[in-house]
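Whatever order the structure lists them in is the order used to number ligands and atoms, beginning at 1.
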Amino acid sequence: MMKGSVGDTTTQYHQLAAPLHLESGAVLHDVTIAYEQYGTSPSPGNTILVCHALSGDAHAAGWHKGDKHPGWWDGIIGPGKALDTDRYCIIATNVIGGCKGSTGPASINPATGMPYGTDFPVVTIRDMVAAQHQFLIERGITELYAVIGGSMGGMQALTWSVAFPGFARRIVAIAAAGYSTPMHIAFGAVGRAAIMTDPAWKGGCYPADERPDHGLSLARMIAHITYLSDQSMHKKFGRRLQEKTEYGYGFETEFSVESYLKHQGSSFVQRFDPNSYLYITKAIDYYDLTKNGSLSEGFADTDAKFLILSVSTDWLYPPYLSEEIVMALNSTGKDVQYTEVMSGYGHDGFLLEDDQMNYLIGRFLTPLTVADIMIRDPPVICSCATIRATAQAMIEREINHLPILHADGTLEGIVTSWDIAKAVAGEHEMLAEIMTRDVLCASPGDTLREAARILDQHHISALPVVEDGRVVGMLTSELLSNMAERN
Ligand SMILES: CC(=O)SCCNC(=O)CCNC(=O)[C@H](O)C(C)(C)COP(=O)(O)OP(=O)(O)OC[C@H]1O[C@@H](n2cnc3c(N)ncnc32)[C@H](O)[C@@H]1OP(=O)(O)O
Ligand SMILES: N[C@@H](CCO)C(=O)O
């Protein structure tokens with residue numbers, strides 16, 4: 001299928017009608033949620049919420065006028081992609097505490113008429129999710145087909161499953177964890193220290209044109225190293241030297257990786273607010289879905305289907321953290337699928353491995369159905385046929401099953417090559433004498449998993465596929481095994 005773009009997009013804004021009650025007990029008034037929406041109109045069962053990572057925003061796909069890059073997950077959102085906009089309604093929001101349109105520390109505090117700064121209340125991942133929930137409810141969306149995200153987006157997706165069990169049917173969490181580790185908190189602390197020790201920070205009360213950009217840039221440079229891998233850095237930079245930039249510290253040349261990190265730092269300050277960085281990294285640090293020290297207990301009330309993905313070279317959220325989630329879900333019989341994506345990119349692999357992400361997420365969100373692999377318009381026969389004519393028809397077409405139709409085209413029975421062999425041995429003449437009348441069938445929309453279960457449970461090897469009473473296809477165990485071999 002051709003994969004396309006959602007085209008030009010714009011961020012929209014929703015003012016929450018009711019105040020937002022936070023975990024800390026604080027109440028936020030006049031909350032704005034920035035969001036983008038792509039694809040079909042929302043209806044029960046077709047809406048997917050996309051959650052962003054630390055520095056992301058609501059602009060997940062398509063193009064904003066004048067930008068040199070599309071939305072941050074454009075590789076997997078669009079027509080024919082895993083988050084297929086021909087099939088689903090995709091909604092992405094900016095988190096509260098952020099600085100990309102949703103209410104955060106740089107927003108105006110309605111109580112003072114001044115920016116909140118550090119008067120902004122502490123927010124948690126659960127608060128971010130509660131804000132998304134309130135936003136969806138106010139827009140008339142009372143259930144989700146799926147919630148998906150990577151890194152901090154994955155934490156939100158997992159939190160959805162425990163905070164609002166039953167609301168989202170499927171959860172996809174990539175390069176995430178069930179809780180933040182001491183190492184995550186340590187990197188968060190260093191980044192925050194870089195900002196807070198910048199004299200321009202001024203306790204969080206900096207004017208818009210005198211922000212602690214040096215501290216923020218340094219925080220991003222440190223953090224960005226954790227999003228890469230040893231392998232990707234060798235490949236991307238090696239030990240190459242290049243002409244020094246204005247920050248060359250008096251040396252004649254600088255390493256390519258130095259210049260790269262400085263670029264990441266200086267471009268970050270153009271798009272991010274230092275106080276937001278403090279609040280969001282703190283929210284990540286507080287994140288912990290364990291209950292009584294147990295992730296299994298934490299996930300006890302969830303009833304969604306889960307897809308957990310890790311990235312092989314991610315040393316910030318190593319695969320073991322995803323495997324802990326999988327074990328916790330398995331221990332209480334939840335429906336969970338897991339893959340370690342082989343990638344050299346490190347943590348940011350979830351933003352870069354489009355092919356693997358499209359395949360794995362696409363299969364999970366839109367499982368193959370019977371219609372995708374069935375034999376269409378299969379040969380059929382009438383119950384008035386003789387055993388001999390039936391045997392000839394099966395030999396000529398090299399098939400082992402023939403659906404039998406009434407004169408009006410509806411299904412009357414089925415006959416197999418084994419039935420024919422028995423009929424010959426029993427000296428029967430007419431098909432009507434030996435055919436099976438109670439036929440197990442599949443529908444075109446059944447998943448292959450459901451169809452395989454019927455074949456297995458009843459020890460049979462073919463199912464007529466019936467739609468509106470008519471036979472539209474045949475599904476055989478041979479087709480299923482060919483499919484499994486190809487995958
Ligand atoms: C949900 C979310 O996560 S949203 C946030 C995602 N976005 C970000 O994190 C923004 C920061 N960007 C990135 O981290 C990366 O661009 C990714 C992960 C998104 C994509 O990675 P890649 O496509 O491999 O891009 P790469 O890491 O090479 O960075 C490219 C930039 O570095 C610059 N660059 C590359 N090498 C050098 C160098 N030696 N010296 C200076 N600059 C360099 C490029 O010119 C380019 O600049 P631009 O982004 O201003 O166009
Ligand atoms: N590079 C991404 C992932 C961080 O987890 C971001 O900045 O949001």
Side-chain angles (χ1 to χ4, degrees), residues 34 36 49-61 66-77 83 92-95 97-100 125 128 148-157 172-177 180 183-184 187-188 191 216-217 219-229 231-233 235-248 253-272 276-277 280-281 283-285 287 310-311 313-318 321 343-354 357:
E36 292 198 6
L49 179 70
V50 174
C51 304
H52 66 75
L54 199 170
S55 72
D57 49 31
H59 179 36
D67 280 359
K68 62 177 181 177
H69 300 298
W72 55 269
W73 229 354
D74 193 70
I76 69 161
I77 302 173
L83 274 66
T93 65
N94 178 218
V95 296
C99 51
K100 298 299 187 72
I125 301 289
M128 294 172 182
I148 176 168
S151 194
M152 188 182 84
M155 298 173 205
Q156 293 163 66
V172 183
I174 315 161
S180 288
M183 192 174 83
H184 298 143
F187 277 116
L216 181 63
S217 166
R220 182 63 172 180
M221 287 170 74
I222 297 160
H224 198 85
I225 300 167
T226 70
Y227 307 149
L228 305 173
S229 73
Q231 188 178 332
S232 68
M233 288 171 100
K235 194 166 167 194
K236 225 173 168 74
F237 316 108
R239 292 185 47 77
R240 276 190 301 283
L241 289 164
Q242 63 186 64
E243 209 173 299
K244 71 176 183 183
T245 63
E246 57 184 302
Y247 308 107
T253 55
E254 64 179 0
F255 286 99
S256 175
V257 65
E258 288 183 84
S259 156
Y260 171 81
L261 287 176
K262 279 184 272 181
H263 175 78
Q264 293 298 341
S266 58
S267 52
F268 190 62
V269 301
Q270 310 300 319
R271 67 180 180 95
F272 220 78
S276 264
Y277 195 88
I280 294 180
T281 56
I284 293 174
D285 291 356
Y287 168 72
S310 63
V311 179
T313 51
D314 183 352
W315 56 276
L316 187 61
Y317 289 82
L321 288 171
S343 163
Y345 284 123
H347 181 63
D348 268 346
F350 77 94
L351 295 166
L352 295 165
E353 290 289 358
D354 290 345
M357 294 298 153

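- Side-chain atoms of D57 and H52 include no donor-acceptor pair closer than 3.5 Å.
- In terms of the side chain to side chain contact (heavy atoms under 4.5 Å, CB included) criterion, residue partners of S229 (sequence neighbours excluded) are, by chain and number, Q231, S232, T313.
- With hydrogens and angles left out, the side-chain atoms of R271 and S55 include a donor and acceptor closer than 3.5 Å.
- By the 4.0 Å heavy-atom criterion, K262 is excluded from the residues contacting ligand 1.
- At a distance under 4.0 Å, a protein heavy atom can be found next to atom 33 (C) of ligand 1.
- The nearest non-hydrogen atom to atom 9 (O) of ligand 1, considering only R220, Q242, Q264, H263, comes from R220.
- Proximity of R220 to ligand 2, defined as any heavy-atom pair under 4.0 Å, is confined to the side chain (atoms from C-beta onward).
- Atom 4 (S) of ligand 1 is flagged as protein-proximal [any protein heavy atom, distance under 4.0 Å].
- Regarding atom 2 (C) of ligand 2, its nearest protein heavy-atom neighbour is D348 OD1, 3.5 Å.
- Within the 4.0 Å heavy-atom cutoff, M152 does not count among the residues contacting ligand 1.
- Atom CG of L351 sits about 8.5 Å away from atom OG of S151, to the nearest 0.5 Å.
- Looking at H224 against ligand 2, nothing comes within 4.0 Å, counting heavy atoms.
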